[in-house]
S.K.: 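What follows is a single structure, and I will ask about it in a moment.
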2 protein chains.
Amino acid sequence: MIDLPDTASPLYEKVKDYILTNIGTGRWGKDRKLPSENELVASLGVSRMTVHRALRELTSAGFLIRLQGVGTFIAPPRPQSTLIEINNIAAEIVERGNSHRSEVLVLETMMPTKELALSFEFAKRVSIYHSVVVNFENDLPVQLEERFVNPGLIPDYDKQDFTKTATYDYLMQKTPVTEVEHIISAIPADKEAAQHLGIDVGSCCLLLHRRTWTGAIVATISKLTYAGSRYSLGSRYSPSKAS
Amino acid sequence: MIDLPDTASPLYEKVKDYILTNIGTGRWGKDRKLPSENELVASLGVSRMTVHRALRELTSAGFLIRLQGVGTFIAPPRPQSTLIEINNIAAEIVERGNSHRSEVLVLETMMPTKELALSFEFAKRVSIYHSVVVNFENDLPVQLEERFVNPGLIPDYDKQDFTKTATYDYLMQKTPVTEVEHIISAIPADKEAAQHLGIDVGSCCLLLHRRTWTGAIVATISKLTYAGSRYSLGSRYSPSKAS
DNA sequence: CAGTGGTCTAGACCACGAA
DNA sequence: TCGTGGTCTAGACCACTGG
C-alpha cells in the first residue's frame, strides 16, 4: 500500500500527481505500460472511480493513451500539427486600421436543397435562414459571405440588421460553438462572385467552407469567398502550453 | 421528465448535448443560470454523478461557470477566433489511406536574396539551405514545397534524404517551434508550379506561406503551393479539446 | 439554516481485445 | 474466457454561499 501525500488537494489530484511523478522518473518506462485501474485501486487504497477520473483527465490532457481491453500507456511525444487562427473579418479589418462596411444582398428563409439538408444532417425538410453579405475594406469588396443558419438554434437571424452587427458576432453571441470544420480551397471566380467582388470571372479566389456545431447539431454552414488578389488569411500563433 | 435521444453515445454526452442545445436556444438565457444538479437529476432521470460529469466537462471547456454554494451559469461569449489545424502533408495523405511519395528537386546551400535575408531578420548575409520538393498523393503531384532553412538552428539539413523522411518531420524533430506565422492566399500558377504540379499556367492554386520561429530566431521559411483542383486544406476542430 | 457544487465510495454492467 | 477500460447508479459527506 502506497501513501499519498497528506495535503488539502482532492484525492484524484494526488493520484494524478503520483502517476505523473512515476512517468517522469521513468518507473513505468520500460514498455510504457501503466498498472491497471484495479492494481492502482489496490496499491493506492482509493476507489476505482477516483483512479478512473485521474486517468481520464491525464488522458484528455495528452499524457496517456488508453485502450479498452488492452491497458493504459504513456503517450508518445506530442503530435505534429499546426494551428491557424481565423478571425472575424470585420474585426480584422478594423484592427488593421481600415474601415469596414457591409452590404446585405439577401436575408431570407428558404427551403434547403437536398445537398444542404444533408449537410445540416436534417431528418426532415425544414426551412432555414439564408444570408448573402459583401464585406468591404476601405470601400473595396474583399469577401462574399453566404450563410445558411439553423433556425432551431438561432431563431431570429432573419430579423437582424447585419450592416450594424457582423453576422459572425451575432452568431457567436447566440449559440456556443463546440466544433468547427473548415475546408480551404482555391477556385476560379464564378459569375456571381466576380460581379459582387468586382473582379474578372475566372480569376483566383480563396474559398473557405465552414460548418459549426452546437453539441451534435449543425448550427451554421458558410461559404466565404475572398478575392484572391486582395485578401489573404494570415495568422501568427504560439503553441503555448506544456505542464 | 425529459427524454434524451436514444443514440449509442454515453449518457453524459447526451446530457452535455441537451445542455448545449438549451443554451443555444436561449431557454436559460434570462439570467444565464442553469437548473441545479439536483433539478437536472430529477428532470432527466439520471444520477447526479452523470449530471455532474457533464457539467464539469462543459465547465472545463469554457461554456459554463460554476460557483460552489451559488449555482451554474452560462459563461460569457468566448473571444471570437477560430483555429484551423494544418497537418503534415505526408501524414495527412497516409491517414486518408493513400500513398505518399516525394521527389527532391533541389537541395543546396545558397546566398539569400535581399528579400529573404530580410524575412529571416538576418543582420549579415550568410548562406542558407534551400530545398524544393514535390509531394505526390497516389502518384499525382499535389504540393510543391519550397523551403529555406536557417543553418544556425538546423546544421545538417542539406545532408538528409527527404524521400525517406518528410522535411516537416525532420525539422520538428530538430528544433522546437515556439511560433508559427501563416499566410494563405490564392494565386494563379506560375510556369514553375504549373510544370511540377502538372497543371495549366494560370490555374488556381492555394499558396501557404509559413515562417517558424525558435525563440526569437526565424528557423524556416516555406512556400507551399497546392494544386487548387486537387487539394483542400481541411480540418475539424473542437475548441473544447484545446487548452 | 437550506441549497449549492465538489468529492468519494462500493458495486454493478457493458464492450472490447487477447489468449 | 478473462482482464481491460468505459459507464452508471445510489448514497454519502464536505465546504461554501445566501438569506
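Keep in mind that this is a model prediction, so the values were computed, not measured.
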S.K.: To the nearest Å, how far apart are A/Lys33 NZ and C/dG17 P?
M.R.: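 Interatomic distance, NZ of A/Lys33 to P of C/dG17: 15 Å.
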S.K.: Once each nucleotide of nucleotides 8-14 of chain D is scored for protein heavy atoms under 4.0 Å, what B/S/- sequence comes out, 5' to 3'?
M.R.: BBB-B--
S.K.: C/dG3 C1' sits how many Å from B/Phe73 CZ, rounded?
M.R.: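 Taking CZ of B/Phe73 and C1' of C/dG3, I get 13 Å after rounding.
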S.K.: Is the distance from OP1 or OP2 of C/dT4 to the nearest side-chain N or O of B/Thr72 less than 4.0 Å?
M.R.: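 No, because none of the side-chain N or O atoms of B/Thr72 sits under 4.0 Å from OP1 or OP2 of C/dT4.
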S.K.: Could you give the CD-to-P distance, from B/Glu57 to C/dG5, as a whole number of Å?
M.R.: 17 Å
S.K.: Whole angstrom is fine here: how far is it from CG in B/Leu58 over to P in C/dG5?
M.R.: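 One finds 14 Å between P of C/dG5 and CG of B/Leu58, rounded.
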S.K.: By salt bridge (Lys or Arg N to Asp or Glu O under 4.0 Å), which residues pair with B/Glu92, not counting sequence neighbours?
M.R.: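 B/Glu92 satisfies salt bridge (Lys or Arg N to Asp or Glu O under 4.0 Å) with B/Arg96 once adjacent residues are dropped.
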S.K.: Evaluate the ring planes of A/Phe162 and A/Tyr170, with Trp represented by its six-membered ring, and classify them as parallel (under 30°), tilted (30 to 60°) or perpendicular (over 60°).
M.R.: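 If you compare the ring of A/Phe162 with that of A/Tyr170, the planes turn out perpendicular.
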S.K.: So, for B/Leu107 and B/Gln160, which heavy atoms are closest and what is the spacing to 0.1 Å?
M.R.: CD2-O, 3.6 Å
S.K.: Taking the side chain as every heavy atom from C-beta outward, state whether A/Glu145 and A/Ser222 have any atom pair closer than 4.5 Å.
M.R.: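 Sidechains of A/Ser222 and A/Glu145: no contact.
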S.K.: According to the salt bridge (Lys or Arg N to Asp or Glu O under 4.0 Å) rule, which pairs have a member within residues 34-47 of chain A, sequence neighbours left out?
M.R.: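 Sorted pair list: A/Glu37-A/Arg48, A/Glu37-A/Arg66.
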S.K.: Starting at CZ of A/Arg56 and ending at C1' of C/dT7, how long is that distance when rounded to a whole Å?
M.R.: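 In whole Å, C/dT7 C1' lies 13 Å from A/Arg56 CZ.
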S.K.: With B/Arg101 as the cation and B/Phe136 as the aromatic partner, state whether NZ or CZ is under 6.0 Å from the six-membered ring centre and within 45° of the axis.
M.R.: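 Judged by the rule (NZ or CZ under 6.0 Å from the ring centre, within 45° of its axis), B/Arg101 counts as positioned above B/Phe136.
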S.K.: Measure from the side-chain heavy atoms of B/Arg66 and tell me the nearest of C/dT4, D/dT4, C/dG6.
M.R.: C/dG6
S.K.: Rounded to whole Å, how long is the line connecting atom CD of B/Glu37 with atom P of C/dA2?
M.R.: 20 Å
S.K.: Regarding A/Leu67, tell me which of base, sugar-phosphate or nothing describes its non-hydrogen contacts under 4.0 Å with the strands shown.
M.R.: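 It contacts sugar-phosphate atoms only.
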S.K.: Nearest whole angstrom, please: distance from the P of C/dC14 to the NE2 of A/His52.
M.R.: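 Taking NE2 of A/His52 and P of C/dC14, I get 17 Å after rounding.
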